[in-house]
**Student:** 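I'd like to ask you about the structure that follows.
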Amino acid sequence: MSIELTGITKSFGRFMPVDNVDLRIETGELIALLGPSGSGKTTILRIIAGLETPDAGTVAFHGEDATERHARERQVGFVFQHYALFGHMTIFENIAFGLRVRPRAQRPDEAEIRRRVSTLLELIQLDFLAARYPHQLSGGQRQRVALARALAVEPKVLLLDEPFGALDARVRQELRRWLRRLHDEVHVTTVFVTHDQEEAFEVADRVVVMNRGRIEQIGAPAEVYDHPATPFVFEFLGQVNRLPLPDEPGGDGFVRPHEISVLGAPEDDALPARLLHSATVGHFARLEFELEADARRVSVEVSRETLRALALPVGAIAWLRPTILRRFAGR
Amino acid sequence: MTKAHSPMPAATSLPIGLPRAAAEPPIIRRLLIVVALIFLTLFLFVPLAFVFAEALKKGLAVYFAAVTDPDALDAIRLTLLVAVIAVPANLVFGVAAAWTVAKFSFPGKSILITLIDLPFAVSPVVSGLIYVLVFGLQGWFGGWLREHDLKVIFAVPGIVLATIFVTFPFVARELIPLMQAQGTEQEEAAIVLGARGWQTFFRVTLPNIKWGLLYGVILCNARAMGEFGAVSVVSGHIRGGTNTLPLAVEILYNEYQFTAAFAVASLLALLALLTLALKYVVEARTREDQAFAGEGNA
């Protein structure tokens, strides 16, 4: 099912988390809403689910206006950041909940409920935990149960709010790949919210970068990374240096730390800078320079071989030349 | 406590989790415990023991004669009737108020929370007087009630109303912090899964608050059966008609029937002990609820 948001605006008092947002999500897509905290991504997710009512704008499912439709009737699956499992129910009953609360006419019989819950328990590889309670499970297991519970009602749309935010790094990695595989199997339209760009890029078909309630850029991960539309996107997606533009006095260009060459001797356009600090991080070295011209700090990443060849002591002068210098209109 | 003679007494007998700086020297701690115990004995244990001693002074036969006296039985019946009406009424009100306060935000919310506490702040006698002023013969509805031959003051309805007023914060006060701590995520999850309002309440909200609710009900019931001041003002002390247990105790005592007075009082004391026992059990489960709700989420 496709989702279409038009002119969505929502404010809480003077704070405006969502400001006139238009977004179209195609059937079967896996979309990441990416942005810093307070950028409005969770509010958009809750508006799609019907848990918040927009002040203005419309939500359409498959071309049909659903703005006034109650959350219960939207047929969405929602996975909460802190799982929101029902603490007094077993894992089995948690997953069965959405089926059991259906009106009698639509409710599957007991055997069918058992069959469907078992299938889901196998899908999340936790069938051996069916009789346990949520507080007896690890964070990663709870998150998978929350996902199975959302999928049990066969939702048209799956919405995940920071689904891996509360988990440790390794479990997060695993669950990410698992979510991607699951999506390739089930093919339900999926929107997930994250502040972790790596997570967004690894899992999503398209990434929506948000800032202060507005969409900064929408595109495939590689497209967004290689062609950031705004300085915000560029800075949000990784460490960035601002360097003076040679042809535009007072103007700044943007360059990533690994896109700067360090030279041992002066050359045209290269900027003299003093080395303040160097550290080796795994297979590369991170250098901190201070520009001689205006004392601004510049981070550079070079391979360890390059560092060895340069033989640069701390406090020495080197020359920096960006291999690419991006500029944004209006800046 | 046994290590008081060791070089580092404060450290060795320190309860886990208490920073060393917050612990007092053993002498002070013992002194505080002794003071607390003396206080407890003087003001709680001795009077309680005295009630039972006085009640049973003339033997079991007299005791049972006193508590099975027709007037005493009427008082017991009326007390139970009042509790049976007041407690469910406040259960419904308390859950509704706590739900409103904990799960929604609206203008005037803090005023509502303060209003819920009003019966605790007002003297019970004043609470009773309010009803006399509203429903009494000279009160706002007095004329109308008289025309329709309805009696509120100096009758059972007045006692029920006054009791509901006095006991009405117990359930709400107990549930508001519990429900606030639990938040709304589980309810939201239930709704998105297709649950209707009443399904969400009975399958998700109620199981999460059941022990807290029971705790509030127990306290509410204890107060409903034991209330004196407010009930005394509206009752009229009609023997066999509008006398509750606490009022019966007063009447008997004023008539110098000390043994009978203490016998009836001992029933209230037993109720108190039973309440304490239940409270102890339920309190432990309430804490579990709170931990459970947290664990189920985080």
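Hydrogens, waters and symmetry mates play no part in the numbers below; they use all other heavy atoms, side chains included. Bear in mind that the values here come from a model prediction, so they are computed numbers and not experimental data. Lettering of chains follows the sequences in order, A, B, ..., and the numbering in each one begins at 1.
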**Student:** Taking only residues two or more places apart in sequence, or in another chain, which ones meet B:Tyr280 in a side-chain contact (heavy atoms from CB on, under 4.5 Å)?
**Tutor:** none
**Student:** So what's closer than 4.5 Å to chain A heavy atoms on B:Glu188: side chain, backbone, both or neither?
**Tutor:** both
**Student:** Taking only distance into account, with no hydrogens and no angle test, what donor-acceptor pairs under 3.5 Å do side-chain atoms of residues 212-230 of chain B form with protein atoms, sequence neighbours excluded?
**Tutor:**
unit_1, atom_1, unit_2, atom_2, d
B:Tyr215, OH, B:Glu283, OE2, 3.1
B:Arg223, NE, B:Glu227, OE1, 2.9
B:Arg223, NH2, B:Glu227, OE1, 3.0
B:Glu227, OE2, B:Gly229, N, 3.3
B:Glu227, OE2, B:Ala230, N, 3.0

**Student:** Enumerate donor-acceptor pairs with a distance under 3.5 Å from any side-chain N or O in residues 96-105 of chain A to protein atoms, sequence neighbours excluded.
**Tutor:**
unit_1, atom_1, unit_2, atom_2, d
A:Arg100, NE, A:Glu93, OE1, 2.8
A:Arg100, NH1, A:Glu110, OE1, 3.0
A:Arg100, NH2, A:Glu93, OE2, 3.0
A:Arg100, NH2, A:Glu110, OE2, 3.3

**Student:** More than 12 non-hydrogen atoms from neighbouring residues, nucleotides or ligands closer than 6.0 Å to NZ on A:Lys156, yes or no?
**Tutor:** no
**Student:** In terms of heavy-atom pairs under 4.5 Å, which option from A:Gln75, A:Glu73, A:Arg149, A:His70 contacts chain B the most?
**Tutor:** A:Arg149
**Student:** Chain B contacts: which residues in residues 45-56 of chain A have a non-hydrogen atom closer than 4.5 Å to it?
**Tutor:** A:Arg46, A:Leu51
**Student:** Under the side chain to side chain contact (heavy atoms under 4.5 Å, CB included) criterion, do A:Leu123 and A:Thr119 qualify, and how do the steps go?
**Tutor:** CA-CA 6 Å; A:Leu123 181 74; A:Thr119 311; 5.9 Å; no
**Student:** Verify the distance criterion only: is there a donor paired with an acceptor across the side chains of A:His82 and B:Glu185 at less than 3.5 Å?
**Tutor:** no
**Student:** Looking at B:Phe39 versus B:Phe45, is the centre-to-centre ring distance below 6.0 Å?
**Tutor:** no
**Student:** Heavy-atom cut-off 4.5 Å, strictly under: side chain, backbone, both or neither for A:Val153 against chain B?
**Tutor:** side chain
